[in-house]
Asks: 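Could you have a look at this structure, given as structure tokens, before my questions?
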Amino acid sequence: MHETINYGSSRYVYPVILLSAMLFLFYAILFKPSILADFFVSIVFFVLLYYCNRKYNLSSVAFLLLLAAITSYLLGAAGLYSYFALGIIGYDKVIHFISSFAVAYALLQISTEKQIFLRYSFVIFKVLGLGALTEI
């Protein structure tokens with residue numbers, strides 16, 4: 001039997017996130033002060049991820065997907081939005097896909113609705129609403 005790692009409860013994940021956040025903050029202050037607002041929005045998302053993981057005990061896949069979505073948002077704010085993934089699709093479209101998929105996957109895990117139609121409808125409308133909110 002193999003042991004699975006829950007990255008959200010690993011003692012190494014949150015110190016790495018904190019160190020990365022401090023390095024990014026120094027980068028933002030020294031080189032690109034215009035992204036400080038994006039940095040603080042990301043901090044709010046990290047706190048929400050921590051809270052959701054503690055309350056709902058997200059799977060490792062959901063935790064890592066949400067962590068990747070927040071991190072990619074920060075990297076986009078730092079300047080990666082002007083680059084293209086695979087030379088075909090813009091970075092912005094990749095971020096929207098990753099973020100929507102990550103949020104939908106996590107919401108499906110924490111949804112307690114028993115009827116499958118209502119459960120998926122709930123998730124679709126939540127993801128669309130959160131996407132609209134973040135675009136504003």
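These numbers come from a predicted model, not from an experiment. Just so it is clear, the values below take in all heavy atoms, side chains as well, and ignore hydrogens, waters and symmetry mates.
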Asks: Atom CG of Asp38 and atom CG of Leu75: how far apart are they, to the nearest 0.5 Å?
Replies: 11.5 Å
Asks: How many angstroms lie between atom CG of Leu18 and atom CG of Leu23, to the nearest 0.5 angstrom?
Replies: 9.5 Å
Asks: Determine the interplanar angle of the Tyr73 and Phe45 rings, folded into 0 to 90°, and report it as parallel if under 30°, tilted if 30 to 60°, perpendicular if over 60°.
Replies: perpendicular
Asks: Within this structure, what is the CG-CD1 distance for the pair Leu25 and Ile35, rounded to the nearest 0.5 Å?
Replies: 9.5 Å
Asks: Keeping the roles fixed (side chain from Ser72, backbone from Ala69), state whether a donor-acceptor pair exists under 3.5 Å.
Replies: yes
Asks: In Å and rounded to the nearest 0.5 Å, what is the OH to CG distance from Tyr120 to Leu108?
Replies: 5.0 Å
Asks: Are the side chains of Val103 and Val123 in touch, meaning some heavy atoms are under 4.5 Å apart?
Replies: no
Asks: Hey, could you give me the CG/CZ distance between Leu107 and Phe122, rounded to the nearest 0.5 Å?
Replies: 5.5 Å
Asks: Under 30°, 30 to 60°, or over 60°: which ring-plane class applies to Phe97 and Phe101, parallel, tilted or perpendicular?
Replies: parallel
Asks: Within the side chain of Lys32, is there an N or O that forms a donor-acceptor pair under 3.5 Å with the backbone of Tyr27?
Replies: no
Asks: Distance from Ile70 atom CD1 to Leu65 atom CG, nearest 0.5 Å?
Replies: 11.0 Å
Asks: Going by heavy atoms in the side chains, are Leu74 and Phe46 under 4.5 Å from each other?
Replies: yes
Asks: Okay, side chain of Gln109, backbone of Ser59: is any donor-acceptor separation there less than 3.5 Å?
Replies: yes
